[in-house]
There are 2 protein chains.
Amino acid sequence: MTNNYELYKVFYWAAKTGSLSQAAKALYLTQPSVSHAIKQLEDRLGLTLFYRTSKGVALTQEGAVLYSYIEQSQILITLAEEKMTALKNLDSGELRIGGSDSLFKHYLLPYLEQFHERYPGVKLHLNHGTTPEIITFLKEGRIDLGVIRMPIVDAQLQVRESFQLQDCFVAGSRYGELKGKVLSLAELLQYPIILFSRNSRARMGITELFQSYGHSIKPEIEVGSVDLLTEFAKRGLGISYVTRQFVSKELEEGSLFEIQLDVTLPPAHVGILTMKNMPLSTAARGFMELIR
Amino acid sequence: MTNNYELYKVFYWAAKTGSLSQAAKALYLTQPSVSHAIKQLEDRLGLTLFYRTSKGVALTQEGAVLYSYIEQSQILITLAEEKMTALKNLDSGELRIGGSDSLFKHYLLPYLEQFHERYPGVKLHLNHGTTPEIITFLKEGRIDLGVIRMPIVDAQLQVRESFQLQDCFVAGSRYGELKGKVLSLAELLQYPIILFSRNSRARMGITELFQSYGHSIKPEIEVGSVDLLTEFAKRGLGISYVTRQFVSKELEEGSLFEIQLDVTLPPAHVGILTMKNMPLSTAARGFMELIR
DNA sequence: AGGAGATATAAATCTCATCTATGACCAATA
DNA sequence: TATTGGTCATAGATGAGATTTATATCTCCT
């Protein structure tokens, strides 16, 4: 059955308008073309589909049966095309991003707001998780892009470096005497240290750094969120290792201050992860462009 | 939007099989052809529909949305094609016949039985009515064919003469003395006559016939069905004017006998009516062939 | 390293959908 | 009754584009 589905479109319009000429107009064809197409369909099906009269065409019984099916089919295709246009124009669709809590809150939020304002039809799905989880989500196709702390080495992933983050140690008024001083790592370790929980990338980074200088950093307190790091430091429970940009408000208002060190803490980068060799959804592409 | 719906068929199979090569096989095309078609569809929609991998293709988010619509659409087309095949083969469909009660019962019944046995999937619709009603039904497209008593003159109708009917006068044992005799019309009119009701064709025919011989026939009793004509004659209420073929059983068993006349009653014909210049449904064509 | 599978690309081919031109038919006018 | 304006059908010419063949590229698996 090498049926050309194009014929059904012609049939649909002929039946709908009750006129081959009108169908031709609707399809931007000529009347003989439509006439020929209908004849072809009739030949292939082995049935007469229309009565031809001097003022148009009318469906036969059998044509009417066919129409009841084809009409639905055509409506679905029309809906599909509308949906596709909507997806293309970002009037519809969804954007699924994976990232850590803190990155969402402190880094992505303004972009997400901006994106949502510009494309209110696109649904946002934010998936929180650790870096390995994010990568798994990405590989399983459950998110369109991941936002994580660099570096990442994975052959399947496309990485785009974005924003630069600077980590630092901060304290509250309880340790006010340290303001303005420059501490060595050994001196710093005299004070109670508050770090993010063990499995985070920032934690791993700072642990390695201290080791490379011959020190071992053991936190007094371990917490599970950036907010708690900030809160604990403010209340004088210790010195927190945080990302400077994530506490800029506290630094400005003076509820926290940065501890100067005699070594330079290496900057970290935020990386935007996508699957290599896989096309981005239109929504994801739109978002990538926005944060460029 | 000069969208070739054929592309959706290709898309459907590519998505369904998850492989352009397999889709090509299913569609009796080559792989490059399918590859090209998909690319074209993607270009027209402005969206990427598939991820290409080394072991086939997989739908993108947007492709999956499209598929949800197209799948339904294609299924409907498949169903439509199956239905059309069934209609063509008379595994399905309906046959709508209009006719008089007596013609159905005495003339059409065996054909209808035969037709139903041969094409059990075709539904039969029998519409009873007078000749003018039948013609109206036909012109309104409510029946496929009409079975009526000839003659009919109507430019819009196609008439096919069929069976020949012979009308005659019959009586029961009450008038046994007439058996074997040959009566003139005048003699016949001495007896009470039972005729079919005024609007029937048979009634009009016999009235005209008597008039052409200078007589006027006025029935003692008028009835509305052939069955009553028979019953009344049997019970001796008068002499009924009936179609010989419709009372063959009674003539055989002797409960009625035919009255011989000195004039010949003209035979009537059964005509099969269809609309001129309008294609017959497959079912109707099948039936016409059967009763040839 | 090589083979077997997948898809992509390029250029040549040829089908067949479409067009123009015309005919035939019908209905409603003048 | 002839005319006009609408319908669909038919025939032949044409050209766009679908399809094919041949080849490249890539990935996975042995």
Side-chain angles (χ1 to χ4, degrees), chain A residues 1-44 47-60 63 139 141 154-158 275-279, chain B residues 1-44 48-60 63 139 154-158 275-279:
Chain A
M1 250 223 264
T2 310
N3 251 324
N4 192 326
Y5 284 22
E6 201 67 7
L7 296 180
Y8 290 123
K9 182 163 65 176
V10 178
F11 167 77
Y12 172 67
W13 282 98
K16 188 176 169 170
T17 61
S19 153
L20 300 195
S21 323
Q22 298 228 167
K25 252 180 221 161
L27 295 163
Y28 304 103
L29 293 175
T30 58
Q31 171 269 315
S33 183
V34 172
S35 175
H36 185 241
I38 296 298
K39 186 156 193 304
Q40 213 175 134
L41 185 59
E42 286 181 328
D43 287 350
R44 292 192 188 179
L47 293 167
T48 306
L49 299 171
F50 289 103
Y51 300 116
R52 276 78 165 171
T53 78
S54 68
K55 50 165 140 351
V57 293
L59 287 167
T60 60
K139 291 186 179 171
D154 191 313
Q156 289 182 64
L157 300 181
Q158 177 76 256
M275 289 299 286
K276 195 178 278 182
N277 300 328
M278 288 238 175
Chain B
M1 255 242 246
T2 310
N3 248 325
N4 193 325
Y5 283 24
E6 201 67 7
L7 296 179
Y8 290 122
K9 182 164 63 175
V10 179
F11 168 77
Y12 172 69
W13 282 98
K16 189 176 169 170
T17 61
S19 152
L20 301 194
S21 322
Q22 296 223 177
K25 251 180 222 160
L27 294 163
Y28 302 102
L29 293 175
T30 59
Q31 171 267 318
S33 183
V34 172
S35 174
H36 185 242
I38 295 297
K39 189 158 192 305
Q40 213 174 136
L41 185 58
E42 287 181 326
D43 286 350
R44 292 191 188 181
T48 306
L49 300 171
F50 289 104
Y51 299 116
R52 276 76 165 172
T53 77
S54 67
K55 51 166 144 341
V57 294
L59 287 167
T60 61
K139 291 186 179 172
D154 190 312
Q156 289 182 63
L157 299 181
Q158 178 75 257
M275 290 297 287
K276 195 179 278 181
N277 300 328
M278 287 239 175

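Every chain is numbered from 1 and lettered A, B, ... according to where its sequence line falls, protein lines coming before strand lines.
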Nearest to side-chain heavy atoms of [X], which nucleotide of [options]:
| X | options | value |
| --- | --- | --- |
| B:Ser33 | C:dA8, D:dA18, D:dT19 | D:dT19 |
| B:Pro32 | D:dC8, D:dA9, C:dT9 | C:dT9 |
| A:Val57 | D:dA9, D:dC8, C:dA10 | D:dC8 |
| A:Ser54 | C:dT7, D:dT10, C:dC26 | C:dC26 |
| A:Thr30 | C:dA17, D:dT20, C:dC19 | C:dC19 |

Nucleotide [N], atom [atom2] - distance to [atom1] of [X] in whole Å:
| X | N | atom1 | atom2 | answer |
| --- | --- | --- | --- | --- |
| B:Leu29 | C:dC14 | CG | P | 18 Å |
| A:Lys39 | C:dA17 | NZ | C1' | 15 Å |
| B:Leu20 | D:dC26 | CG | P | 18 Å |
| A:His36 | D:dA11 | NE2 | P | 11 Å |
| B:Tyr28 | C:dT15 | OH | P | 21 Å |
| A:Ile38 | C:dT18 | CD1 | P | 12 Å |
| B:Gln40 | C:dT9 | CD | P | 14 Å |
| A:Leu41 | C:dA17 | CG | P | 12 Å |

Strictly below 4.0 Å, N to O, side chains only: are A:Glu42 and A:Lys39 in salt-bridge contact?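 So A:Glu42 does not pair with A:Lys39 through a salt bridge.
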Please state whether the phosphate of [N], meaning OP1 or OP2, lies under 4.0 angstrom from any side-chain nitrogen or oxygen of [X].
| X | N | value |
| --- | --- | --- |
| B:Ser35 | C:dA8 | yes |
| A:Arg52 | D:dA9 | yes |
| B:Thr53 | C:dT7 | no |
| A:Gln31 | C:dC19 | no |

Could you state the interatomic distance from OG1 (A:Thr48) to CG (A:Leu59), rounded to the nearest 0.5 Å?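 Rounded to the nearest 0.5 Å, the OG1-CG separation comes out at 12.0 Å.
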Heavy-atom closest contact ([X] atom, [Y] atom, distance):
| X | Y | value |
| --- | --- | --- |
| A:Phe11 | A:Ile38 | CA-CD1, 3.7 Å |
| B:Pro279 | A:Phe50 | CG-O, 4.1 Å |
| B:Val10 | B:Ala37 | CG1-CB, 3.9 Å |

Hey, does B:Gln22 reach any base, or is it just sugar-phosphate, or nothing, if we go heavy atoms under 4.0 Å?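 Here B:Gln22 touches no strand at all.
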